[in-house]
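Values below: every heavy atom of this structure, side chains too, minus hydrogens, waters and symmetry copies.
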Amino acid sequence: TGPEAGQEAGYAVQVYSFQDKTRAAKALENLRSNGYKAFLVVSDLGEKGAWYRVRVGGIADEKEAQAMLEKVRKNYKSGFIVKPKV
């Protein structure tokens with residue numbers, strides 16, 4: 001598991017998760033075109049296959065992450081906070 005755009009540091013908001021890389025790429029571009037610091041994380045789940053997780057990152061703390069989640073949900077109707085790995 002690793003980010004393709006290198007923005008894994010800090011908190012993130014996961015907006016989408018697809019098995020289809022093309023759909024993930026379109027969602028990623030849509031978020032970026034709307035001003036979000038979006039990136040893609042590829043997770044290999046073994047028998048379940050690869051999942052392409054579209055996230056908005058570069059978030060310093062939990063309070064900022066909550067504010068970003070609310071903003072994302074207004075526009076995209078989904079999302080949850082991903083805490084940094086310690």
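Taking CZ of Arg55 as the reference point, atom CE of Met68 lies at 14.5 Å (rounded to 0.5 Å). Taken from CD in Glu64 to CD1 in Ile81, the straight-line distance is 11.0 Å, to the nearest 0.5 Å. Remark: Leu40 CG to Glu29 CD distance equals 12.0 Å, nearest 0.5 Å. Residue Tyr11 holds its OH atom at 6.0 Å from NZ of Lys83, rounded to the nearest 0.5 Å. Distance check, rounded to the nearest 0.5 Å: NZ of Lys26 to OG1 of Thr22 gives 7.0 Å.
Judged as a side-chain hydrogen bond (donor to acceptor under 3.5 Å, both in side chains), and not counting sequence neighbours, the contacts of Asn75 are Tyr36. Judged as a side chain to side chain contact (heavy atoms under 4.5 Å, CB included), and not counting sequence neighbours, the contacts of Glu70 are Gln66. For the side chain to side chain contact (heavy atoms under 4.5 Å, CB included) test, residues two or more places apart in sequence or in another chain that qualify with Arg23 are Phe18, Asp20. In this structure Tyr76 satisfies the side-chain hydrogen bond (donor to acceptor under 3.5 Å, both in side chains) test together with Asn30, Asn34, sequence neighbours excluded. In this structure Gln19 satisfies the side chain to side chain contact (heavy atoms under 4.5 Å, CB included) test together with Trp51, sequence neighbours excluded.
Between Arg53 and Ser43, the shortest heavy-atom contact is NH1-OG, 3.2 Å. Nearest approach of Pro84 to Gly10, heavy atoms of both residues: CB-O, 3.5 Å.
A donor-acceptor pair is defined here as one N or O able to donate and one able to accept, closer than 3.5 Å; such a pair exists between the side chain of Arg32 and the backbone of Ala38. Of the possible donor and acceptor atoms, one in the side chain of Ser78 sits under 3.5 Å from a partner among the backbone N and O of Val15.
The shortest side-chain heavy-atom distance between Tyr52 and Val54 does not fall under the 4.5 Å cut-off.
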